[in-house]
Amino acid sequence: MKTPLPTSSEAASASASTAAPVAVALVDAHVHLHACFDLEQALAQAARNFRRAMMGLGVSAADAVGCLMLTETARDDRFRAMSQATPATIGRWRVEPTQEPCSLTARAAGEPLIAIVAGRQVVTREDLEVLALGTTQRFDDGEPIESTLQRVREAGALAVVPWGFGKWTGRRGRIVRGLIEQAPPQGLCLGDNGGRWRWGPYPRLLRQAQDRGLTVLPGSDPLPFPRQIHRLGGYGFVLPGALDPRTPAASVRRALGHAARPLRCFGSRQGTFGFVYWQVAMQLRKRMERFSR
């Protein structure tokens, strides 16, 4: 049930007056809120994973915050739906606006505070992906990767080229290598994700990016299957700086701008069975989608 309260700007001011920077923040930098995910369950699962990681770091949920950086595709816009309804109640979660148009916070008794930051996932002409983290701006699919990255930077978002199974080989691998070799350290991030095989070697291009001083941002990257909801908040990085709940997107950008590399990761990636099972399931899904067009 949505709770009628004052305007978003009034609510943001009231919320901001009681917020304070949190020293320990865990960030999942590749989050899809697929249509098959119930929002209350998604927040609960993310909180569970964040809480487990916080325990591993020796901090309590009261002294830390989890951050979900959304990477919504062209057919998804759940952040917009949530932001237009805020303040609102999603089950036992209270979702509120912040001082930024591109972020929200979610609170529930006994759970860590969760910051939700808007962002997009764009498919380029080369069939590579670009993540735009920290923006509500939409971007067209099908454009060259260079121009897509430029538009993402112009929007003030973090530009990330994420690892994908089978996507960084051959011609596309050479394109990614060229981006790494040409990009200034603050101009491009690479992305790792929780779907990568746990026992496999670290991707060569991610290592090359780190050697050049580029930041590698890990995230869960859940696939569009209901059971994948358990991965939300399950893989990411410890923010090397405080996160201000009033401005979480700006906090992440600021902390990364001064971060030492590589970042400290939390969580885990897929084991052998899970990796094979979900890769096969995803390929079958893609074929079915092509067949139904």
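Bear in mind that the values here come from a model prediction, so they are computed numbers and not experimental data. Just so you know, residue 1 is the first one in the sequence shown, and it goes up from there.
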Kindly assign one of parallel, tilted or perpendicular to the pair Phe266 and Phe50, based on the angle between their ring planes and the thresholds 30° and 60°.
tilted
Point-to-point distance, once rounded to the nearest 0.5 Å, from CG of Leu33 to CZ of Arg78:
6.0 Å
Contact check, side chains of His32 and Asp76, non-hydrogen atoms, under 4.5 Å
no
Not counting sequence neighbours, list each pair that qualifies as a side-chain hydrogen bond (donor to acceptor under 3.5 Å, both in side chains) and has a residue in residues 149-165.
Gln150-Glu154
What are the two closest heavy atoms between Thr105 and Pro245, and how far apart are they?
CG2-O, 3.6 Å
Would you say that Trp197 contacts Val276 through its side chain, given a criterion of any heavy-atom pair below 4.5 Å between the two side chains?
no
Grouping ILVMFWY residues whenever side-chain heavy atoms fall under 4.5 Å, the cluster of Leu131 otherwise contains Val22, Val27, Val65, Met69, Leu113, Val117, Leu133, Leu158, Val160, Leu217, Phe237, Leu239, Leu243, Val252, Leu256, Leu263
Decide yes or no on side-chain contact (heavy atoms from CB on, under 4.5 Å) for Thr73 and Asp141, but give the supporting numbers first.
CA-CA 9 Å; Thr73 66; Asp141 289 333; over 6 Å; no
Does the side chain of Ile145 come within less than 4.5 Å of Leu179's, by heavy atoms?
yes
Do the side chains of Arg212 and Glu181 get close enough for a salt bridge, i.e. N-O under 4.0 angstrom?
no
Glu111 pairs by salt bridge (charged side-chain N to carboxylate O under 4.0 Å, His left out) with which of Arg48, Arg51, Arg94?
Arg51
Report whether Tyr235 and Val31 are members of the same hydrophobic cluster (ILVMFWY, side-chain heavy atoms less than 4.5 Å apart, transitive linking).
no
side-chain contact (heavy atoms from CB on, under 4.5 Å), that's the test. Do Gln210 and Leu206 meet it? Break it down for me.
CA-CA 6 Å; Gln210 289 181 332; Leu206 290 184; 5.8 Å; no
Which atom names give the shortest non-hydrogen contact between Ala159 and Gly187, and what distance separates them?
CB-O, 4.4 Å
Between His30 and Pro218, is there a side-chain heavy-atom distance shorter than 4.5 Å?
no
What pair of heavy atoms forms the shortest contact from Pro240 to Ala255, and how long is it?
CG-O, 4.0 Å
Pair Arg177, Arg174 - check side-chain contact (heavy atoms from CB on, under 4.5 Å), show working.
CA-CA 5 Å; Arg177 185 184 308 112; Arg174 291 190 292 273; 3.5 Å; yes
Rounded to the nearest 0.5 Å, how far apart are CZ of Arg231 and CD1 of Ile229?
12.5 Å
Check against side chain to side chain donor-acceptor pair (under 3.5 Å), Asp244 and Ser251
CA-CA 6 Å; Asp244 189 337; Ser251 294; 5.4 Å; no
Please answer whether the main-chain N or O of Leu223 pairs with a side-chain N or O of Asp221 as donor and acceptor at a distance below 3.5 Å.
no
Between Val216 and Val238, is there a shared hydrophobic cluster once you connect ILVMFWY residues whose side-chain heavy atoms come closer than 4.5 Å?
no
Please step through side chain to side chain donor-acceptor pair (under 3.5 Å) for the pair Thr148 and Thr124, ending with a clear verdict.
CA-CA 7 Å; Thr148 299; Thr124 72; 6.0 Å; no
Run the side chain to side chain donor-acceptor pair (under 3.5 Å) test on Arg196 and Asn193 for me, step by step, so that the C-alpha distance in whole Å, both residues' side-chain angles and the decisive distance to 0.1 Å come before the verdict.
CA-CA 6 Å; Arg196 187 167 61 81; Asn193 77 62; over 6 Å; no
Given Phe139 and Val130, is the side-chain contact (heavy atoms from CB on, under 4.5 Å) satisfied, shown in steps?
CA-CA 10 Å; Phe139 306 89; Val130 170; over 6 Å; no
I'd like to check the side-chain contact (heavy atoms from CB on, under 4.5 Å) partners of Asp77; sequence neighbours left out, ordered by chain and number.
Glu72, Arg80, Arg120, Arg138
Find the distance between CH2 (Trp199) and CD (Gln270) and round it off to the nearest 0.5 Å.
12.5 Å
ILVMFWY network linking Leu39 to Leu70, side-chain heavy atoms under 4.5 angstrom
yes
Pairing residues for Phe37 by the ring-ring contact (aromatic ring centres under 6.0 Å, His included) criterion, not counting sequence neighbours:
His34
Which residues share a salt bridge (charged side-chain N to carboxylate O under 4.0 Å, His left out) with Arg269, sequence neighbours left out:
none
Is there a path of hydrophobic side-chain contacts, each under 4.5 Å between heavy atoms of I/L/V/M/F/W/Y residues, joining Leu284 to Phe273?
no
Non-hydrogen atoms of Phe275 and Gly195 that approach each other most closely:
CD1-O, 3.2 Å
Residues passing the ring-ring contact (aromatic ring centres under 6.0 Å, His included) test with Tyr202, sequence neighbours excluded, are none
Check whether any side-chain heavy atom of Cys102 sits under 4.5 Å from a side-chain heavy atom of Thr136, and report yes or no.
yes
Under a single-linkage definition using a 4.5 Å side-chain heavy-atom cutoff for Ile, Leu, Val, Met, Phe, Trp and Tyr, are Ile114 and Val24 assigned to the same hydrophobic cluster?
yes
Distance-minimising heavy-atom pair for His230 and Asn49
O-ND2, 2.8 Å
Closest heavy-atom pair and its distance - Glu100, Ala250:
OE2-N, 2.8 Å
